[in-house]
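A quick write-up on the structure given underneath.
Fair warning: this is a prediction, and the values are worked out from it, not measured in the lab.
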Amino acid sequence: MTVSLGVTGATGRMGGEVLAAAADRDDLSVAFAVSRSPGDEVEGVAVEDAADFADLLASRDPDVVVDFTGPGSCIEYASACAEAGVGFVTGTTGLSEGGFDALRESASEVPVLYASNFSRGIAALRRAVREAVPALDGYDIELTETHHNAKRDAPSGTALTILDDIDEARGESPRVHGREGEAPRSEGEVGVHARRAGDIAGEHEVLLAGNHESLSLTHRAGSRGVFAAGALDAAAWLSDRDAGWYDFTEVLE
């Protein structure tokens with residue numbers, strides 16, 4: 001069965017990657033693509049006005065919408081999908097607690113899958129972190145993430161997810177964002193560092209150090225296509241699910 005997709009943010013970095021990846025798959029077809037700045041075609045797909053999103057849901061009847069936009073847009077698109085009965089996959093980061101609550105409300109009507117990162121490598125990194133942290137009890141932990149110079153939210157959504165994994169593994173820890181001046185470590189804190197430079201797709205490193213040794217767990221994405229491929233895997237998987245809240249780990253399992 002071919003899964004029909006709606007794609008938001010089509011003129012953005014990730015929207016273009018999603019459309020490019022979809023063009024190479026036989027199990028997916030693009031019903032429409034929208035942007036708040038519609039214009040020329042992207043990967044051979046006409047980009048339509050996001051203001052017409054609800055009408056396009058009704059007339060093109062996609063199975064799932066794939067979203068990489070901004071927090072406000074994401075919630076608006078999810079709400080429209082809930083009203084139209086269309087599944088929703090999003091990798092939009094920077095959502096507030098209220099934003100997540102709104103997404104979960106949509107999940108009461110349609111299947112919604114949220115992931116801060118759609119990389120299989122990041123999923124493996126998270127498993128390694130959850131095993132390493134309790135195994136190295138008492139070691140200092142520092143997390144560093146690096147992204148392109150246009151990324152707005154910091155720390156990255158992926159970094160925040162990894163920090164939650166650390167808290168789950170050893171209990172909630174105070175987070176220190178960067179250091180300046182006289183700033184010795186306090187017991188149990190996790191140092192968090194965000195770097196923005198060039199066109200780096202995404203790098204995350206978790207450093208654990210103590211007992212005269214250190215362990216570094218690192219993931220580097222060479223292309224945003226990695227995230228697009230994972231999001232499309234999620235969309236294909238989600239297309240026949242019941243309403244509810246889903247996680248990318250369920251797709252991988």
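A distance-only check finds no donor-acceptor pair linking the side chain of Asp63 to the backbone of Val3 [under 3.5 Å]. For Ser186 (side chain) and Glu189 (main-chain N/O), no donor-acceptor pair under 3.5 Å exists by modelled atom type. Remark: the backbone N or O of Ile122 is paired with a side-chain donor or acceptor of Ser119 at under 3.5 angstrom. In this structure, Thr161 contributes its side chain and Gly157 its backbone to a donor-acceptor pair below 3.5 Å. Between the Glu83 side chain and the Ala80 main chain, no donor and acceptor come within less than 3.5 Å of each other.
For Ser73 and Arg36, the side-chain atoms include at least one donor-acceptor pair closer than 3.5 Å. In this model, no donor atom of one side chain and acceptor atom of the other lie less than 3.5 Å apart for Glu76 and Ser79. In this model, a donor atom of one side chain and an acceptor atom of the other lie less than 3.5 Å apart for Glu142 and His193. Side-chain atoms of Thr92 and Asp67 form a donor-acceptor pair, as typed in the model, at a separation below 3.5 Å.
Taking both residues in full, the closest heavy atoms of Pro62 and Phe32 are given as CG-CE2, 3.7 Å, listed atom of the first, atom of the second, then distance. Contact detail for Glu205 and Ser216: the closest heavy-atom pair is OE2-OG, 2.6 Å. In plain terms, the two heavy atoms of Leu207 and Ser214 that are nearest each other are CD1-CB, 4.1 Å. The shortest non-hydrogen separation linking Cys81 to Phe88 is SG-CD1, 3.7 Å.
Other residues, nucleotides and ligands contribute more than 12 heavy atoms inside 6.0 Å of the CD atom of Glu213.
A distance of 12.5 Å separates CZ in Phe53 from OG in Ser35, rounded to the nearest 0.5 Å. Atom CD1 of Ile141 is separated from atom OG of Ser173 by 6.5 Å, given to the nearest 0.5 angstrom. Annotation: the span from Phe100 atom CZ to Leu95 atom CG amounts to 4.5 Å, rounded to 0.5 Å. Going from atom CG of Asp55 over to atom CZ of Arg60 covers 10.5 Å, rounded to the nearest 0.5 Å. Put simply, OG1 on Thr158 and NE2 on His204 are 4.0 Å apart, with the number rounded to the nearest 0.5 Å. To the nearest 0.5 Å, atom OG of residue Ser108 and atom CG of residue Leu103 are 11.5 Å apart.
At a threshold of 4.0 Å, the pair Asp164-Arg175 counts as salt-bridged, since one of the basic side-chain nitrogens sits closer than that to a carboxylate oxygen. Taking the charged nitrogens against the carboxylate oxygens, Asp137 and Arg170 have no contact shorter than 4.0 Å, which rules out a salt bridge. A salt bridge does not link Arg126 with Glu131: every distance from a Lys NZ or Arg NE/NH1/NH2 to an Asp or Glu carboxylate oxygen is 4.0 Å or more.
Considering Asp167, Asn117, Leu143 in turn, Leu143 is the only one that fulfils the side chain to side chain contact (heavy atoms under 4.5 Å, CB included) rule with Ile162.
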Next item on the list: Dump the intermediate steps for ring-ring contact (aromatic ring centres under 6.0 Å, His included) on Phe118 and Phe248, then the final yes or no.
Entry: CA-CA 7 Å; Phe118 284 97; Phe248 189 51; 5.2 Å; yes
